[in-house]
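Here's the structure, in structure tokens; my notes come after.
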Amino acid sequence: MDDSQDRELNKKLDGLTEGGPIALSIGELARWRRRDKGSHPRLWLPPIQRSLVWTNEQIVRYWDSLLRGYPAGLMMVHKVDKVQAQGYDVDGNLREAAPDSYQLFDGQQRMAAILLGMDEGPLKNHLRLWVDLGQGGETNAEMKFNLRISSTGQPFGYQVHKPNRKFSMGERQDKWEQWGEEQKCRTSAFEQVEGSDLIKQECAIRLSSVMRHVLDGEWAELRGVHEKVSSEWRDRLKEFSDAIEKAMDRKIIVQCVPEEIIRSPDEYVRFFQRMGQGGTRLSDDELTYSILKHQFPAIRKTMEKIMKDSGRIAGEVDLVLAALRVARAMHHPERGKKPVDWTVIGRPNPSFASQLRDESRFEATRKKFHRMLVDSPLALTGTLGRLRKALEYGQEDHPGLPKILLARLPKELLDVLILMDEWHGASDWAEEDRRILTTFALYWLFFVANDSKAADRAFMYFTEHGGPWSRDSIVALIKRFEEEHIARYVPRQQHVGILRGGISKAQDCSRLREWNKRFSEIDNDSGAGESLRVLSTDGELIKRSLMWLQRRYLTEKYGAYDPTSMRDDDLPVDLDHIVPRDYFKFRWDENRVEGLPERDSFRWRRETVGESLGNFRWLDARENRRRKSGQYEPLELEYNADLVAKDGPSCEKIAGEWNSIIPRKEDEKNWKWTAQRVAKFQFLIDSRTLDLYERLAKDSGIWDVFSAVEPE
């Protein structure tokens, strides 16, 4: 910014001290936010602000509105609080803010979108904006210009018409192969990709190359773009440049928040909450986090470090609330009283976060929370590192969780795991302790029916017993979950033989069982059959089960895929049906049945059987594309140990059984469902479901837990 622009902006900002509102151009607002330490007054982001939540589509649509000349709305600022004179600069660093500076109270999402257009601000490390000057290929008719967005995980861009959606797996993989960087770390592609690399583009250029020319007068960069663009698109480039220039001249109203609101912590938080109701509504968890950031401004920056060092096992909000929940349970002034009050064991809410300002009442809780999230070294980093090391699969003798499953832990389970690490103490987990902790996590993932109640019970157990962590305490807690029906009853080892007998008896019956009749032979034993029915038909539980059962396949074959990182990479595998869906979920009027006495049974129950655990596996996405609806091929033998009993039939024999009810491509037209095929359809899927369950319950150690507390 040159001196004349600086003086002109300061002259306008003087109006804010007189109560405002004032009108600034969007360009002036961006310059104000981008000011460095040598210019005053600066515009900071206050600690109370929520995380960035706008989707790709919201960012693109906001830019389209600016380019069309639509009103840009209102933004609210306030003078820096004298008591808490801290704010975040344009790069997200927490700094001391001079008293004559301002903080952006409302308008953070829009400001971040504007700065992204210059490859600046908090979004620049994982998002990028482009404009495709071409109009002959795919264009978005709703946009004045063909705006595109890309990310670290999708460096070749998202769909033109739907910026939140990825291109098809085939298009993305074809682009990776064409680009020739398949073996490189995919995060590097974000920096190296050029406009010509975007999928379905004609003449894509970076938005920043035009924005910098308009805001900072960097003509050389725009001339460089002009020279690269072929002559047929230069008129369009000029049109776009003019539109950007006009957009940056559009006025936006800036209103100053009254000082009496800023001086009162309660009013400040209440006003922030009310303002949030007008946009993307804040959840209770997000509001709680915002209140905590207002009290502990350093949290936002330290959370970036914690998540970078420990990985994205959970979101920023969930980790902060987990730390506060643990700090409160361990040091709440009411702890130890009976009955245990929910305010001690429950998840922190906005009310408690506001009460935390009472330093005399919550001194110990505040100190513990501060030690976990603010003091260096950060205790939460050590906690998450120890938990990850204890839980993560990575060697033959520890049946841990692959990264793909570690990233799916429910937030309530994470709360409890962090509490358990505090019980355990600040040292790495011994091998025996690792096993029982992993068993507990897997038990929760597969059988806990109510995450919130389970977490409350675990925290209550701690307040009643006060630690320390032990194997016996975990076994007792699991037993209590089951007794109090917080978790579903685990089918025991002795049930397997009963179920195998039932499956064998029905193997010649072409009448498919109803949902509540499957595995019903053990229903009289505390509802064990229903537990198995839920595990085998609930979509999320199917995914979790197979992620763990195929942990070796997922870890060895996709070692570079890490959903706990800060990337948004593609899932490299598909949930594949062994008997393809096309063959059992066909349109009934296609007449694909022959000599089937129980036609209605098959018609209405085929999906119940076909969409259950025994008919699924994780399969490489490219292999799944190639297979489509073809015959079943077993996974590579070295990985198949995760799915097939060592003393069972060979992979080839198993494949032959499945393929007896899956037609070859050349036989598809004449292929029919007969009574024998329907009977085998149910038999194979139910048998494999039971095989997988037996492997899961045995290898996870879940059966060992119950054998330790039950008589022979």
Side-chain angles (χ1 to χ4, degrees), residues 168-170 173 503 507 510 512-513 515 518 536-543 545-547 549-550 553-554 557 570-596 598-599 601-636 639-640 642-644 649 651-692:
S168 71
M169 178 64 77
Q173 291 182 342
I503 292 171
Q507 66 179 309
S510 63
L512 296 185
R513 288 182 172 187
W515 184 87
R518 296 178 72 205
S536 65
T537 55
D538 180 279
E540 177 60 23
L541 296 181
I542 289 172
K543 291 176 182 178
S545 299
L546 289 171
M547 283 176 182
L549 288 164
Q550 293 183 258
Y553 175 76
L554 295 169
K557 197 170 178 66
D570 298 320
L571 186 67
V573 288
D574 292 333
L575 201 56
D576 174 54
H577 293 84
I578 295 179
V579 177
R581 203 169 191 271
D582 288 350
Y583 295 144
F584 68 83
K585 189 57 180 173
F586 55 88
R587 284 179 49 184
W588 196 251
D589 59 10
E590 292 179 9
N591 191 28
R592 298 183 70 173
V593 298
E594 180 178 86
L596 190 60
E598 299 287 352
R599 291 171 62 92
S601 164
F602 181 62
R603 180 178 184 180
W604 301 116
R605 298 171 192 166
R606 54 193 166 141
E607 193 166 11
T608 300
V609 177
E611 298 289 355
S612 60
L613 175 63
N615 196 35
F616 282 111
R617 61 175 176 167
W618 289 110
L619 181 65
D620 181 277
R622 286 168 293 190
E623 291 182 32
N624 196 39
R625 282 174 53 207
R626 177 181 56 79
R627 182 198 175 201
K628 296 183 180 178
S629 296
Q631 287 203 313
Y632 168 63
E633 296 176 13
L635 301 175
E636 296 93 324
Y639 297 126
N640 224 35
D642 290 333
L643 298 173
V644 179
C651 293
E652 291 76 11
K653 185 174 181 180
I654 292 172
E657 288 288 305
W658 285 98
N659 286 328
S660 69
I661 58 171
I662 304 172
R664 294 185 177 88
K665 289 294 181 183
E666 59 269 24
D667 300 329
E668 281 185 15
K669 289 185 179 180
N670 300 320
W671 190 87
K672 303 278 188 180
W673 278 101
T674 62
Q676 292 76 17
R677 284 171 177 161
V678 171
K680 182 163 280 192
F681 174 66
Q682 178 163 267
F683 173 76
L684 287 173
I685 290 174
D686 283 357
S687 296
R688 185 169 181 269
T689 296
L690 191 57
D691 288 343
L692 296 180

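- Centroid-to-centroid, the aromatic rings of Tyr553 and Trp618 stay 6.0 Å apart or farther.
- The side-chain contact (heavy atoms from CB on, under 4.5 Å) check on Phe683 picks up Ile503, Gln507, Ser687, with sequence neighbours excluded.
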Criterion side chain to side chain contact (heavy atoms under 4.5 Å, CB included) on Ile661 and Tyr632, from CA distance to verdict: CA-CA 10 Å; Ile661 58 171; Tyr632 168 63; over 6 Å; no
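- The salt bridge (Lys or Arg N to Asp or Glu O under 4.0 Å) test applied to Arg606 returns no partner, not counting sequence neighbours.
- Residues passing the salt bridge (Lys or Arg N to Asp or Glu O under 4.0 Å) test with Arg688: none are found, sequence neighbours excluded.
- When atom types are taken as modelled, the side chain of Arg627 and the backbone of Gln631 share a donor-acceptor pair closer than 3.5 angstrom.
- Evaluation of the salt bridge (Lys or Arg N to Asp or Glu O under 4.0 Å) rule for Lys543 yields no partner, not counting sequence neighbours.
- Contact annotation: the side chain of Asn624 never approaches that of Leu575 to less than 4.5 Å [non-hydrogen atoms, C-beta and beyond].
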Under 3.5 Å, which donor-acceptor pairs do the side chains of residues 588-595 form with other protein atoms, sequence neighbours left out?
residue : atom : partner : partner atom : Å
Asp589  : OD1  : Arg587  : NE           : 3.3
Asp589  : OD1  : Arg587  : NH2          : 3.4
Asp589  : OD2  : Arg587  : NH2          : 2.6

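- Two residues are said to be in side-chain contact when any heavy atoms from C-beta on lie closer than 4.5 Å; Ile578 and Ile685 fail this criterion.
- Panel note: side chain Gln550, backbone Arg617; no donor-acceptor pair is recorded below 3.5 Å.
- For Lys585, the salt bridge (Lys or Arg N to Asp or Glu O under 4.0 Å) criterion is met by Glu607, not counting sequence neighbours.
- The shortest side-chain heavy-atom distance between Val678 and Leu512 falls under the 4.5 Å cut-off.
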